[in-house]
Amino acid sequence: MKKIFLIFCFLIFCLPVYSQANNSVRIDTNSYRSSININKLEPAWVYIGEAKRAINEGNISYALYLMNRTLMYYPDNADAHYYLGLIYEIEAGNPAEQGGAASYRLAVEEYKKAIQLNTNFNVPAYKLDSYFGLLHIYEKLIDEENYSATEKEIINIAETSIDRNERGRIYFKLAELYENKSRNSLAIDYYRQAYLNGYRQKLSLFRISILYRKARNYTQEKEYLLLANKYEFANDEPSNYEVQKSIIQRLADLQNVRIPKKLN
C-alpha cells in the first residue's frame, strides 16, 4: 500500500513538469508555423522558405526538422540539400569540439548532393554557394588537398562558363574569399574580372579602391574611385547609400593626389 501511495505521488508531481516540457516544445515550433500547415504536404519551396526564416531567427533545431521533412518527400531537391548542409555547418562550430568534425562531414555530403542535383546557378539554386561552403569547411578541417581541388573547380567553372553574368558572380565571390584571407593581389584581380564581366561593377571598383588604399597606393585608389563614381548600382540595397557616400568623401580626401596622364 505504501508503494502504491509513493507511485501515485510521483505521478502527481511529474505530470505538470511533463506538461510544461511539452508546452515549451510546442511554443518553440508553433511560433514559426504561421505560413505552413504541418498536417498537409506543402511544396518544397514553402518548407525551404520557413527554414530560412528559422535559421535567421536562430531556431536551428526547427530548421533541421523542416529540411528533413522536405527531403523525406522531395529527396532530389537541391536547395533542401544545400540548406541541410548549411544547418550541419552551423551546428558543427569548432571541429575540435565533440561532434564538430562529424557535423562538418555531414555538411560536406549535403553540399555535394546539392552540387550534383543542381544543373544551373539561377536563383533559388545554391550550387555556387555549396562550392564555397565546401571551401569553408575544408579550411576549417585543414584539408588542403580537397580545398585546392574545390578552388580549382570553381575557377574552372568561371573560366568555361558561356554566361557572362555567371562568370562575374563567381569572380566576385572569389574576390571576397581572397579579400577575407588578406590575399589582396588575387582579390583585386578577381574584382577586376567581376567588373569586366558586368557584375556589380560599381561595388567591384569600390572594393578595389579599398584594397589599394590598404596598400597606400593612393593614385590607384583615386583612379578606381573616379571610375566607380561613373556607375550606378544595378540593384537597390540599403548599403548602396553608404558606399556612394564613402566614394564622395574619399575623393574629397584625395583631391590633392595627382593622376599622371597615360600615354596613348
Is the Y82 to Y111 ring centre distance short of 6.0 Å?
yes
Short question: side chain of N240, backbone of N235 - any donor-acceptor pair under 3.5 Å?
yes
Heavy-atom closest pair, residues S130 and A114:
OG-CB, 3.4 Å
CG/L177 to CD1/I170 distance, rounded to the nearest 0.5 angstrom?
13.0 Å
For E159, is there an ion pair with K152 - N to carboxylate O distance below 4.0 angstrom?
no
Can a side-chain donor-acceptor contact be found between Y47 and R69 if the only test is distance below 3.5 angstrom?
yes
Looking at side-chain heavy atoms only, is the closest gap between I48 and M67 below 4.5 Å?
yes
Side chain K202, main chain E232, donor-acceptor under 3.5 Å
no
Can you find a heavy atom in the side chain of Q244 that is under 4.5 Å from one in the side chain of N229?
yes
So among L226, L225, L227, which one has a side-chain contact (heavy atoms from CB on, under 4.5 Å) with L205?
L227
Is a side-chain donor or acceptor of T160 paired with a backbone partner of N156 at a separation under 3.5 angstrom?
yes
With rounding to the nearest 0.5 angstrom, report the CG to OH distance, L41 to Y73.
6.5 Å
So, taking the atom named OH in Y191 and the one named OG in S204, what distance separates them when rounded to the nearest 0.5 Å?
7.5 Å
Mark yes or no for whether S161, through its side chain, and I157, through its backbone, hold a donor-acceptor pair below 3.5 Å.
no
How about S148 and N146: does a side-chain donor come under 3.5 Å of a side-chain acceptor?
no
To the closest 0.5 Å, what do you measure between CD1 (I188) and CG (N217)?
8.5 Å
E139: salt bridge (charged side-chain N to carboxylate O under 4.0 Å, His left out) partners, not counting sequence neighbours
K181
Aromatic ring proximity F172/Y190, centre distance under 6.0 Å:
no
May I ask you to test the R192-R207 pair for a side-chain heavy-atom distance under 4.5 Å?
no
For the residue pair A107 and G85, what are the closest heavy atoms and their distance?
CB-O, 3.3 Å
Is any NZ, NE, NH1 or NH2 atom of the basic residue among K140 and E89 found under 4.0 Å from an Asp or Glu carboxylate oxygen of the other?
no
Taking the side chain as C-beta and beyond, is there a heavy-atom pair between I154 and L135 under 4.5 Å?
yes
Given side chains that start at C-beta, do those of R167 and D163 come closer than 4.5 Å, heavy atoms only?
no
Please tell me if the side chains of L174 and I155 come closer than 4.5 Å, counting only heavy atoms from C-beta onward.
yes
Between Y231 and Y195 (judged by ring centroids, cut-off 6.0 Å), do the two rings come close enough to count as a pair?
yes
N184 side chain reached by Y178 side chain, heavy atoms, under 4.5 Å:
no
Decide side-chain contact (heavy atoms from CB on, under 4.5 Å) for V243 and E237; before the verdict, give the C-alpha distance in whole Å, the side-chain angles of both, and the deciding distance to 0.1 Å.
CA-CA 10 Å; V243 170; E237 297 178 14; over 6 Å; no
Counting N and O atoms only, with roles assigned by atom type, does the side chain of R164 sit under 3.5 Å from a partner on the main chain of L196, one being a donor and the other an acceptor?
yes
Are L71 and L117 connected in the hydrophobic side-chain network, where two residues link if heavy atoms are under 4.5 Å apart?
no
Return the CG to CG distance between L134 and D129, rounded to the nearest 0.5 Å.
11.0 Å
Could you pull out the closest heavy-atom pair between N77 and A44, with the gap in Å?
ND2-CB, 3.4 Å
Strictly below 4.0 Å, N to O, side chains only: are E221 and R250 in salt-bridge contact?
yes
Can K113 and E110 be said to form a salt bridge (Lys or Arg N to Asp or Glu O under 4.0 Å), step by step?
CA-CA 5 Å; K113 288 176 184 175; E110 294 304 322; 3.7 Å; yes
Shared hydrophobic cluster for M72 and L84 (ILVMFWY, side-chain gaps under 4.5 Å)
yes
Quick check: is Y241 connected to F233 through a chain of hydrophobic side chains (ILVMFWY, heavy atoms under 4.5 Å apart)?
no
State plainly whether one hydrophobic cluster holds both I259 and L211, where clusters connect Ile, Leu, Val, Met, Phe, Trp and Tyr through side-chain heavy atoms under 4.5 angstrom apart.
yes
For N197 and E166, which I'm curious about, is there any donor-acceptor pair between the side chains at under 3.5 Å?
no
Side-chain (H81) to main-chain (P75) donor-acceptor, under 3.5 angstrom
yes
Counting distance only, does the side-chain N/O of Y138 pair as donor-acceptor with the main-chain N or O of E144 below 3.5 Å?
no
Q193 and D189: side-chain donor and acceptor closer than 3.5 Å?
no
dist I137:CD1 -> L141:CG (nearest 0.5 Å) comes out at 7.0 Å
Looking at F132, does the NZ or CZ of K173 lie under 6.0 angstrom from its six-membered ring centre and within 45 degrees of the ring axis?
yes
Are V257 and Y212 in one and the same hydrophobic cluster, where Ile, Leu, Val, Met, Phe, Trp and Tyr link if side-chain heavy atoms are under 4.5 Å apart?
yes
Does the side chain to side chain donor-acceptor pair (under 3.5 Å) test come out yes or no for Y199 and R169, once each step is laid out?
CA-CA 6 Å; Y199 186 81; R169 187 159 80 97; 5.1 Å; no
Write down the atom of S209, the atom of Y224, and the distance for their closest heavy-atom approach.
CB-CB, 4.1 Å
